[in-house]
Amino acid sequence: MSKDDVPEARVRVAIAPNAIDERAHIEYVRDARAGAISVFVGTTRDTFRGEKVQKLSYECYEPMALRELRAIADELVVKYAGDGDEGNALDGRGGHGIRAIDIAHRVGDVGAGETSVVVAVASAHRKDAQDACAEAMEALKARVPIWKKEIFEGASAEGVWKANGLGAFAASEAAS
Amino acid sequence: MSKDDVPEARVRVAIAPNAIDERAHIEYVRDARAGAISVFVGTTRDTFRGEKVQKLSYECYEPMALRELRAIADELVVKYAGDGDEGNALDGRGGHGIRAIDIAHRVGDVGAGETSVVVAVASAHRKDAQDACAEAMEALKARVPIWKKEIFEGASAEGVWKANGLGAFAASEAAS
Amino acid sequence: MTTITVLFFARARELAETSSASVDLDADASPTVATARARLLELYPQLESVLLTAVFALNQSYVDRAREADTALKPGDELAVVPPISGG
Amino acid sequence: MTTITVLFFARARELAETSSASVDLDADASPTVATARARLLELYPQLESVLLTAVFALNQSYVDRAREADTALKPGDELAVVPPISGG
């Protein structure tokens, strides 16, 4: 791919200390040249294997987390670049590829049911946005230095650090 | 699957004459027992094969459209029922399956870039929500009696009725 | 006489210049969806091209193209002409 | 002396009871990430179990476990102890 072929797309990533407004992320990626927006919203669960979760606490290595999030988004823009041919959409792809990606991950204490992460991807056609959205989450869980601690009701106040068990950490105990 | 095994899930479908607020649909499916919400937002595009689209107009066979939307949602709840085992989540599935589905489709005149359809699915784990969301859209485009007319700038005021070319209409010209 | 209600949508509605019509079918001939299809072509010859690709919905359920001749109609049935759909 | 900054996160932070530390490595010994890993075990023996599954990030880029002995450190480097991550 020559330099001129690098797809033009809006990319934004954030580490959010406060509640995430999913609507704002949908609006960021909305594009009249795109027909599809795929959004993934991760929410905290109130139980883990039957045990009641009181709250979750996230921390991150912020500059590296932002760098990894940005790299994930940029890689997906290149991977789902589209072929520029709007006529070639029989498989749900084709056209301008990804127009915009927005990823935000919450840090700090997050109550049960609240949003911990949001990924929004806008593309010309449906499958690109859906696949890129799923891959962004997969990559986020495997690469972005963010940690989640579950604090259970009635259990030790210490809480439990979770592990996704993906990527370089695949040998670790898998969870969530 | 015996009657007792029919999964308990909230299901809502709508034909929307006014602007769709995606946030309201995310909130409808949000569930502290679910960890994942997958959302698809279809938006109208301002061009079709290079031609500038002025506006789009949707109409539907409302009682049948609602019935088909409801059937799609119910079928997905059964298909992605989960196994009730929170420990069995290594592939991103397991647990309680789908907790809630909400589908809404806009009718009437819709400006370029506006939301024409939203599907929100909440599930215990990520892959169920993402797969069910994608399948809901696929089924919606194949089965739900809704029609879209594109009115182009400068072209004949008549506009062009589109065709998804899926399901029972697969022989028809494919588009979008 | 078997009187049914026919609904027209999208391109079919535009060409028929109406969104619904009462259509009488000969009850003695045990009318089916295929009978209705033929009758609609007589009443609305301008629908010929649309009917080539349209599917019928009987009381809000699709009728398989191959089953139209086997699908009986009774008085009061609601039969919709469903041109190729384009929701999404 | 090669002085680097070591960052601790999550369980590593809790066990080290600090989120960062300056660590001196013998410059004559051409220190690497593997050198730092060994030194951290001396300074913070309570990190032993965490270090079994942790990966290092050098100046915000992951260091492959198999490349730790080949990855040289220079003064001012930022080396993060990254226990198994759990974002999402």
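Source: prediction; values computed, not measured. Lettering follows sequence order; numbering is per chain, from 1.
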Checklist line | Partner chain A: residue of B:Ile37, B:Val119, B:Thr44 with the largest heavy-atom pair count (under 4.5 Å) | finding: B:Ile37

Next item on the list: Quick one: which of B:Asp31, B:Val53, B:Thr115, B:Val117 has the most heavy-atom pairs under 4.5 Å with chain A, could you say?
Entry: B:Thr115

Do [X] and [Y] have side-chain heavy atoms sitting under 4.5 Å apart?
X        : Y        : value
A:Glu22  : B:Arg23  : yes
A:Lys127 : B:Met137 : no
B:Ile26  : A:Ile26  : yes

Is [X] in contact with chain A via its backbone, its side chain, both, or neither, using a 4.5 Å heavy-atom distance?
X        : answer
B:Glu138 : both
B:Ser38  : both
B:Ser116 : neither

Note to self: Please check this pair: side chain of A:Arg30 against backbone of B:Gly113, looking for a donor-acceptor N/O pair closer than 3.5 Å.
What the structure shows: yes

Next item on the list: Could you tell me whether a side-chain N or O of B:Thr43 sits under 3.5 Å from a main-chain N or O of A:Ala34, the two making a donor and an acceptor?
Entry: yes

